[in-house]
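All remarks here apply to the structure that follows.
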Amino acid sequence: MGSFNVVADVGNSIVKVLRDNLCPDIIPQPEMIGLGSPAEHGDFKLTLFLYNIIESGEFRHNETVAISSNTVGFPPLSLDLYYLLTAHSTSEISFKTADEHRILGKAMQVLFDNAIMRGPNLIGTLSEKNEEIRIVIDNLPFDLMMKLWTFPNVPYKLSVSYQVGPVYIDSLKTRSIGRVLEIGSDKR
């Protein structure tokens with residue numbers, strides 16, 4: 001379970017794994033891989049763009065979690081995060097597409113090989129709480145991918161969609177519970 005920072009920690013953890021495995025062979029510098037919109041990629045050669053967050057329903061809102069003997073907390077907010085992974089090349093036009101395909105292919109291989117991220121691959125709250133996250137390709141049909149690509153004046157670029165989760169944001173809401181007395185334990 002984690003703090004509200006967990007959403008940022010997931011993206012940064014994925015970027016860390018990509019940087020560790022793509023640099024310098026595929027992408028020369030780690031700073032060329034980052035969180036960002038495919039439409040405003042700047043100097044990035046590979047962007048990871050969070051485009052949707054959905055409650056995963058792993059916990060129900062009416063459940064409680066024991067915090068202490070007289071306090072219960074509400075369950076964490078359970079989320080699935082959806083990302084677009086997009087390659088950007090500055091190569092000459094005759095090599096640009098092949099370069100982007102190579103970058104995407106290697107990035108997909110890395111995420112496949114790290115489909116369950118845990119331990120040293122995680123950053124921040126995820127690492128502190130010893131969490132694990134699952135990364136799977138979200139096989140969106142092309143027409144949905146085109147609807148998703150709503151960046152004005154930016155032509156579509158080949159991208160891959162990923163579902164990542166579940167991730168948890170702890171609830172700060174608690175309530176006290178009364179002490180339960182045993183009936184029939186009175187020994188006279």
Side-chain angles (χ1 to χ4, degrees), residues 2-56 79-118 120-127 131 133-167 169:
S3 75
F4 62 89
N5 290 319
V6 75
V7 174
D9 293 341
V10 168
N12 288 323
S13 295
I14 296 170
V15 167
K16 177 187 179 304
V17 166
L18 290 168
R19 286 176 174 175
D20 289 348
N21 289 277
L22 270 72
C23 299
D25 298 335
I26 304 297
I27 295 178
Q29 300 170 335
E31 300 79 29
M32 295 177 153
I33 301 172
L35 299 173
S37 166
E40 300 172 341
H41 58 84
D43 293 335
F44 288 142
K45 295 252 186 210
L46 186 66
T47 55
L48 186 67
F49 177 62
L50 179 62
Y51 71 87
N52 200 10
I53 301 174
I54 296 177
E55 186 173 9
S56 70
L79 303 171
D80 286 322
L81 311 178
Y82 292 82
Y83 291 92
L84 274 186
L85 186 66
T86 309
H88 310 276
S89 176
T90 54
S91 296
E92 292 180 32
I93 194 74
S94 57
F95 302 108
K96 186 175 188 164
T97 300
D99 191 34
E100 290 174 348
H101 290 180
R102 194 171 60 86
I103 292 168
L104 261 183
K106 181 63 176 178
M108 291 171 63
Q109 180 184 48
V110 167
L111 294 181
F112 178 78
D113 287 345
N114 291 276
I116 297 178
M117 288 179 45
R118 58 175 75 95
N121 287 331
L122 300 177
I123 293 174
T125 302
L126 295 167
S127 177
E131 295 286 333
I133 57 173
R134 182 186 71 247
I135 303 172
V136 294
I137 289 181
D138 185 27
N139 294 311
L140 292 179
F142 183 71
D143 61 327
L144 288 178
M145 187 67 88
M146 289 302 293
K147 287 179 185 177
L148 184 63
W149 195 273
T150 58
F151 309 110
N153 303 318
V154 177
Y156 174 78
K157 289 186 71 100
L158 181 62
S159 300
V160 182
S161 176
Y162 282 91
Q163 177 184 349
V164 180
V167 297
I169 298 177

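As a basis for the values below, the full set of heavy atoms in this structure was taken, side chains included, without hydrogen atoms, waters or symmetry mates. It should be emphasised that the depicted structure is a prediction, and the values quoted were computed from it without experimental measurement.
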Looking at residues at least two apart in the chain, or sitting in another chain, which of them share a side-chain contact (heavy atoms from CB on, under 4.5 Å) with Ile93? none

Would you please name every residue forming a ring-ring contact (aromatic ring centres under 6.0 Å, His included) with Tyr156, sequence neighbours left out? Phe142, Trp149

Between the OG1 atom in Thr86 and the CZ atom in Phe44, the distance rounded to the nearest 0.5 Å is 12.5 Å

Restricting to pairs with a member in residues 136-151, which pass salt bridge (charged side-chain N to carboxylate O under 4.0 Å, His left out), not counting sequence neighbours? none

Separation of Asn121 CG from Asn114 CG (nearest 0.5 Å): 5.5 Å

Contacts of Ser89 that satisfy side-chain hydrogen bond (donor to acceptor under 3.5 Å, both in side chains) - sequence neighbours left out: Ser91, Asp99

Considering residues at least two apart in sequence or located in another chain, which fulfil the side-chain hydrogen bond (donor to acceptor under 3.5 Å, both in side chains) criterion with Asn21? none

Report the distance from atom OG of Ser161 to atom CG of Leu148, rounding to the nearest 0.5 Å. 7.0 Å

Pairwise salt bridge (charged side-chain N to carboxylate O under 4.0 Å, His left out) hits with a residue in residues 26-43, at least two apart: none

Applying side-chain contact (heavy atoms from CB on, under 4.5 Å) to Leu35 and not counting sequence neighbours gives Asn12, Val15, Leu48

Where do Ile137 and Val160 land on the side chain to side chain contact (heavy atoms under 4.5 Å, CB included) test, with the steps shown first? CA-CA 7 Å; Ile137 289 181; Val160 182; 4.3 Å; yes

Tell me the closest heavy-atom pair linking Leu84 and Ser159, and the distance in Å. CD2-CB, 3.9 Å

Could you grab the distance from atom CG of Leu144 to atom CE of Met146, nearest 0.5 Å is fine? 11.5 Å

Show every ring-ring contact (aromatic ring centres under 6.0 Å, His included) that has at least one partner inside residues 84-111, sequence neighbours left out. His41-His88

Side chain proximity check, Met117 to Ile14, heavy atoms < 4.5 angstrom: yes

Those residues that, when tested against Lys157, pass salt bridge (Lys or Arg N to Asp or Glu O under 4.0 Å) (two or more places apart): Glu100

Out of Ile33, Leu18, Ile103, Val110, which one pairs with Ile26 under the side chain to side chain contact (heavy atoms under 4.5 Å, CB included) rule? Ile103

Is there a donor-acceptor pair closer than 3.5 Å between any side-chain N or O of Ser3 and the backbone N or O of Asn5? yes

Listed by chain and number, what are the side-chain contact (heavy atoms from CB on, under 4.5 Å) partners of Asn52, not counting sequence neighbours? Ile54, Tyr82

Test item: Leu85 and Tyr162 side chains (from C-beta on) under 4.5 Å apart, heavy atoms: yes

To the nearest 0.5 angstrom, please state how far the CG atom of Asp80 sits from the CD atom of Gln163. 4.5 Å

For residues Asp9 and Leu122, determine if any side-chain heavy atom of one lies less than 4.5 Å from a side-chain heavy atom of the other. no

Given Leu81 and Ile133, is the side chain to side chain contact (heavy atoms under 4.5 Å, CB included) satisfied, shown in steps? CA-CA 10 Å; Leu81 311 178; Ile133 57 173; over 6 Å; no

Assess whether side chain to side chain contact (heavy atoms under 4.5 Å, CB included) is satisfied between Ile123 and Ser127, documenting all intermediate values. CA-CA 5 Å; Ile123 293 174; Ser127 177; 5.8 Å; no

CA sep, side-chain torsions, deciding dist, call: Ser56, Leu79, side chain to side chain contact (heavy atoms under 4.5 Å, CB included): CA-CA 5 Å; Ser56 70; Leu79 303 171; 5.9 Å; no

Taking the side chain as C-beta and beyond, is there a heavy-atom pair between Val10 and Leu50 under 4.5 Å? no

Euclidean distance, Met145 CE relative to Leu158 CG, rounded to 0.5 Å: 7.5 Å

Mind checking whether Pro166 and Arg134 have side chains closer than 4.5 Å, heavy atoms only? yes

Distance-minimising heavy-atom pair for Pro38 and Thr47: CA-OG1, 4.0 Å

Test side-chain hydrogen bond (donor to acceptor under 3.5 Å, both in side chains) applied to Thr90 - qualifying residues, sequence neighbours left out: Lys45

Taking side-chain contact (heavy atoms from CB on, under 4.5 Å) as the test, write out the residues that go with Ala39, two or more places apart. Ser37, Phe151, Val154

